[in-house]
Undergrad: 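Below is the structure I would like to discuss, written out as structure tokens.
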Amino acid sequence: MSKSSEDKELSEENVVAETTEDLQSTWKDAHRNWGHSLHRLAPYIGGFPPSLAHYFIRRFSKSGDTVLDPFSGGGTTPLEAALQNRNGYANDAFSYAYVLSKAKCNPLSTSEFEPYLDTKLDEARKVDNEEMRLLDNDDLKVFYSDHTLDQILRLREVLHEDDSRKATYLNGIMCGILHGPSKMYLSLQTKDTYSGTANYVRKYAKKNDLQRPERDIRPKALRKQELAHEDTVPASLGERTKITRGDSRNLLNSFEKESVDLIVTSPPYMQTLDYTWNNWIRLWWLNEDRKSERNKLDITEDTDKYRRFMRECLHSMYDVLAPDSVAVLIVGDVQKNLASGKRTLNTAAIIAEEARNRTDFDVHGIISDAYDLDSRAYVVFNRLKYDHEEDRKEKDAIDRCLILTKGDPDMQSDPDIDWETESYTGLEQNQ
Ligand SMILES: C[S@@+](CC[C@H](N)C(=O)[O-])C[C@H]1O[C@@H](n2cnc3c(N)ncnc32)[C@H](O)[C@@H]1O
């Protein structure tokens with residue numbers, strides 16, 4: 001790296017001091033599992049907690065408003081918005097994110113789901129599996145017994161290229177039970193819910209003497225359905241949501257100009273995570289090619305490229321936002337190896353600088369979110385992935401909530417939320 005660009009990165013530290021108003025937030029008072037049971041339909045590494053989305057939705061929008069997440073991941077923001085009587089809009093470039101966001105926001109009731117599941121399992125039993133036998137499924141066989149894999153392969157064949165609401169929901173359920181660390185899942189007991197490499201899982205299974213269980217899809221899928229519906233699901237949820245798949249530099253392709261009242265989002269932070277690797281089995285399930293999926297995502301370590309990417313995203317967000325509105329961007333600090341040694345890059349400050357100097361947004365402030373890092377899925381993921389103390393990349397990192405304004409919105413103060421009694425569905429509140 002040249003001296004000048006390294007200097008430029010170093011100067012980014014100062015931006016925080018200039019732009020940060022010491023904003024307050026109470027969302028961290030929420031208990032760890034706060035949130036509607038549908039949020040837990042299937043895992044999404046790198047996601048933020050429902051309480052965080054809930055907090056900003058309560059603070060900066062009212063009932064009937066439209067809330068957008070242009071990098072929706074597991075769909076936390078659109079689901080939370082719809083549960084709170086807002087319209088929940090979402091976009092993501094990644095297929096798994098799209099399917100999961102859509103499934104969560106358009107759930108099937110158990111009286112719809114159970115007969116649908118049975119019909120599909122019946123169709124699956126009749127699939128001619130001669131061709132499947134010839135496929136190289138060696139990596140999958142590390143996770144599944146022949147009995148279970150046969151069911152998975154057949155059902156996958158039946159759902160292939162079906163993007164109806166029902167099939168999408170079943171795909172969401174399947175992504176939630178494919179593999180994981182308990183008897184709830186179809187696989188042998190993996191260390192976590194991310195898709196480990198076959199090699200890693202092979203060694204892990206050997207070390208812990210784990211056997212591949214003979215499990216059936218039906219009871220596991222019904223149990224997942226039951227858990228997802230532990231909290232009441234409002235009937236009109238799906239009507240209030242719109243989920244699209246695309247590059248968030250072009251939001252106007254999917255959303256009307258000035259149609260959004262609030263953005264709550266967490267854009268990618270450089271190369272912190274490769275969503276395609278840690279979801280490779282889910283991508284296989286969805287019949288998506290890992291490499292072409294990866295090419296769609298913005299994964300770069302280069303700060304200049306990242307700045308350009310974020311600048312284009314900011315312009316795109318500005319276009320869809322209504323006059324006098326707010327955008328909240330949650331980003332983590334990133335560890336970088338510079339010639340001068342390791343240092344932490346303040347991603348929020350970089351985006352704030354781009355927003356202030358290169359777009360029409362104003363920077364209202366940054367909330368530094370120095371909460372318990374151990375509860376963050378991506379931190380846990382990196383520990384598992386590398387399994388070495390010294391590779392804990394995010395050790396000193398913190399998350400920051402950057403608040404941008406378009407025009408002159410009425411900036412609400414910190415809402416007084418009692419997280420012990422706060423409703424998951426917004427039915428009891430008039431906001
Ligand atoms: C930090 S995650 C968002 C997590 C989300 N807030 C949640 O709670 O699950 C960032 C997301 O950005 C998506 N992404 C990366 N590049 C993108 C692009 N160019 N356009 C749209 N989405 C993109 C990734 O697929 C990923 O889901």
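Ligands are counted one by one from 1 in listed order, and the atoms in each one are counted from 1 as well. Hydrogens, waters and symmetry mates play no part in the numbers below; they use all other heavy atoms, side chains included. These figures come from a predicted structure and were not determined experimentally.
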Undergrad: Should Tyr44 be counted as touching ligand 1, given the test is an N or O pair under 3.5 Å?
TA: yes
Undergrad: For Gly74, counting its heavy atoms only, list the atoms of ligand 1 lying under 4.0 Å from any of them.
TA: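 With Gly74 as reference, the close atoms of ligand 1 come out as 7 (C), 9 (O).
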Undergrad: Are any of the N/O atoms in Ala93 less than 3.5 Å from those in ligand 1?
TA: yes
Undergrad: Is it the side chain, the backbone, both or neither of Phe48 that has a heavy atom closer than 4.0 Å to ligand 1?
TA: both
Undergrad: If you measure every N/O of Pro268 against every N/O of ligand 1, is any gap under 3.5 Å?
TA: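 Looking only at distances, the answer is no, because the N/O contact criterion of under 3.5 Å is not met.
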Undergrad: Mind checking whether Gly246 has a heavy atom under 4.0 Å from ligand 1?
TA: yes
Undergrad: Checking side-chain polar atoms at under 3.5 Å, does Asn279 have a donor or acceptor matched by the opposite partner on Ser195?
TA: no
Undergrad: For atom 5 (C) of ligand 1, which of Pro49, Ser266, Ser72 has the closest heavy atom?
TA: Ser72
Undergrad: Apply the side-chain contact (heavy atoms from CB on, under 4.5 Å) test between Met310 and each candidate in Thr347, Val331, Ile350, Leu329; give the one that qualifies.
TA: Leu329
Undergrad: Do Tyr275 and Tyr96 have their ring centres less than 6.0 Å from each other?
TA: no
Undergrad: May I ask you to check whether Arg249 has an N/O atom sitting below 3.5 Å from an N/O atom of ligand 1?
TA: no
Undergrad: In ligand 1, which numbered atoms sit nearer than 4.0 Å to a non-hydrogen atom of Phe309?
TA: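 Counting from 1, the qualifying ligand atoms are 19 (N).
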Undergrad: Classify the ring geometry between Tyr200 and Tyr194 as parallel (under 30°), tilted (30 to 60°) or perpendicular (over 60°).
TA: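 Answer is tilted, since the angle falls between 30° and 60°.
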Undergrad: Considering only heavy atoms of Thr76, which atoms of ligand 1 have at least one such atom less than 4.0 Å away?
TA: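 Selected atoms, number and element: 7 (C), 8 (O), 9 (O).
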Undergrad: Nearest heavy-atom pair of Val142 and Ala198: which atoms, and what distance?
TA: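 Result for this residue pair: CG1-O, 3.7 Å.
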Undergrad: Please check if any side-chain donor atom of Asp162 sits under 3.5 Å from a side-chain acceptor atom of Ser164, or the reverse.
TA: yes
Undergrad: Would you say ligand 1 has an N or O under 3.5 Å from any N or O of Tyr275?
TA: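 No; the residue has no nitrogen or oxygen that sits under 3.5 Å from a nitrogen or oxygen of the ligand.
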Undergrad: Return the minimal non-hydrogen interatomic distance between Lys220 and Met184, and the atom names on each side.
TA: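 Shortest heavy-atom contact: CD-O, 3.4 Å.
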Undergrad: Below 30° counts as parallel, above 60° as perpendicular, anything between as tilted: where do the rings of Trp280 and Trp277 land?
TA: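 If you compare the ring of Trp280 with that of Trp277, the planes turn out perpendicular.
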Undergrad: Under 4.0 Å from any heavy atom of Gly46, which atoms of ligand 1 are there?
TA: 1 (C), 4 (C)
